[in-house]
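Working notes, structure below.
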Amino acid sequence: METYAQASIRHCIDMIAPFEMSNQQEDGQLQFYQFMLSLYREMYERPEEYMVFPKPYEDYMAKLKERESKEKKEKQHSADSRESTLRNTFQQAIQFYALYLYRIGVASKGIDAGTGALVVRKGDYFDVIEQMNRIHEAKYNAGRYEKLSKRGIQVSENGDTVHIVHREYPQMMEGMAYLCKAPESKYKWMNFLRLDFKNAYSPIPSVEDICKTLSAGSVEAVNKLENNLSELKVKARIKPLRGIVSDFKWKVEYVYKGKNICGFYADHEYFMLCIYFNHFQNINGFAKILYKEDFDLFQWFKKQFPERLCKCPNNRRVYFGEEPRRICGLSNRAEIVNPDGHDMDRGLYVLRKYRNIGS
């Protein structure tokens, strides 16, 4: 059985970009890509060797499911601090290796031409080590550095500098430095995590790049969405990923006439089309129209709004016919999860009708 931690590691692999080089340092980029991909694959098979410990989270979730089966479960947002801490602990352990390499790459002075080593000022290197000590379970960091050493990364002091090189991949640090020395942008860390050499020096990824990491069904849904909006002056806004473990999904919003009208969340196993109504009263009004004009579509429509019974101040009551439902007043959106072709057609019809966009 796959553990939650292993699922997060697999998610990292799924979110990595296909290998597409820039026009520089071909060997170094391929070597770094191969190193990181093999690291995640081995971590998936033997997580404990990488100081990723699935058991505490697995044990807690098993107890939680047992408790929930005995209690009435409400459709509400619940803040489970213990679950969050345990999840963050194993996810930080997964991301430790990429974060360490990224930080030393950003701090580096460049590559030693003779050895191919990454050169970092000693003070800057130890600042990185200090930063890495702030994660959950930093007591295992020594074992994590040892694991990198066993995988071929050698760290040595040379006067007032530290040199880092790989035994089997002598040009690997060139590829790593290429990503780390990209211009500052909100996508820089994401491009590093995804090993996206092609886009590292571009201002923004494209929806086409996102589709390369999605399932065929999700790609079909995205294409249908974009084709449906193709005649409009719509701008796609892509939110940068802060991580690539299983909590992180692509988020894309489409802006039309200054307003977010729709968007999607997606990863390799999940797709959710969102249709934005911008205010909860707009949902009430549009539901009344559908109730009168197309009852079957109305029945489908009301199922796309998950009920939220939380007590936060943004909770709002909407009405589908005579049926009240409490929703999140911050989102005010229909959420169509893993839609088939029929769902996509209905969702896009609703979008165009609500926004008065001609067919």
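- In this structure, Tyr140 has its ring center at least 6.0 angstrom away from the ring center of Phe96.
- Between Phe90 and Tyr4, the ring center distance fails the sub-6.0 Å criterion.
- Ring planes of Phe305 and Phe320: tilted class, angle from 30 to 60°.
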Go through the steps to decide whether Tyr265 and Tyr270 satisfy the test ring-ring contact (aromatic ring centres under 6.0 Å, His included), and finish with yes or no.
CA-CA 8 Å; Tyr265 289 80; Tyr270 177 90; 7.8 Å; no
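- Each of Gln154, Met176, Met173 was compared with Ile164 under the side chain to side chain contact (heavy atoms under 4.5 Å, CB included) criterion, and only Met173 meets it.
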Take Phe53 and Thr89 through the test side chain to side chain contact (heavy atoms under 4.5 Å, CB included) and record every step on the way to the result.
CA-CA 9 Å; Phe53 302 107; Thr89 297; over 6 Å; no
Please step through ring-ring contact (aromatic ring centres under 6.0 Å, His included) for the pair Phe298 and Phe295, ending with a clear verdict.
CA-CA 5 Å; Phe298 165 80; Phe295 189 71; 5.7 Å; yes
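- Using the six-membered ring where Trp is involved, Tyr178 and Phe197 have ring planes that are tilted, between 30° and 60° apart.
- Donor-acceptor pairing under 3.5 Å is lacking for the side chains of Arg308 and Asn315.
- Under 3.5 Å, the side chains of Ser206 and Asp209 contain a donor-acceptor pair of N or O atoms.
- Taking a cutoff of 4.0 Å between a charged side-chain nitrogen and a carboxylate oxygen, Glu293 and Lys353 qualify as a salt bridge.
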Full working for ring-ring contact (aromatic ring centres under 6.0 Å, His included) between Phe192 and Phe32:
CA-CA 11 Å; Phe192 181 88; Phe32 185 56; 5.7 Å; yes
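- In summary, the side chains of Arg151 and Ser38 do present a donor paired with an acceptor at a separation below 3.5 Å, with no hydrogens or angles considered.
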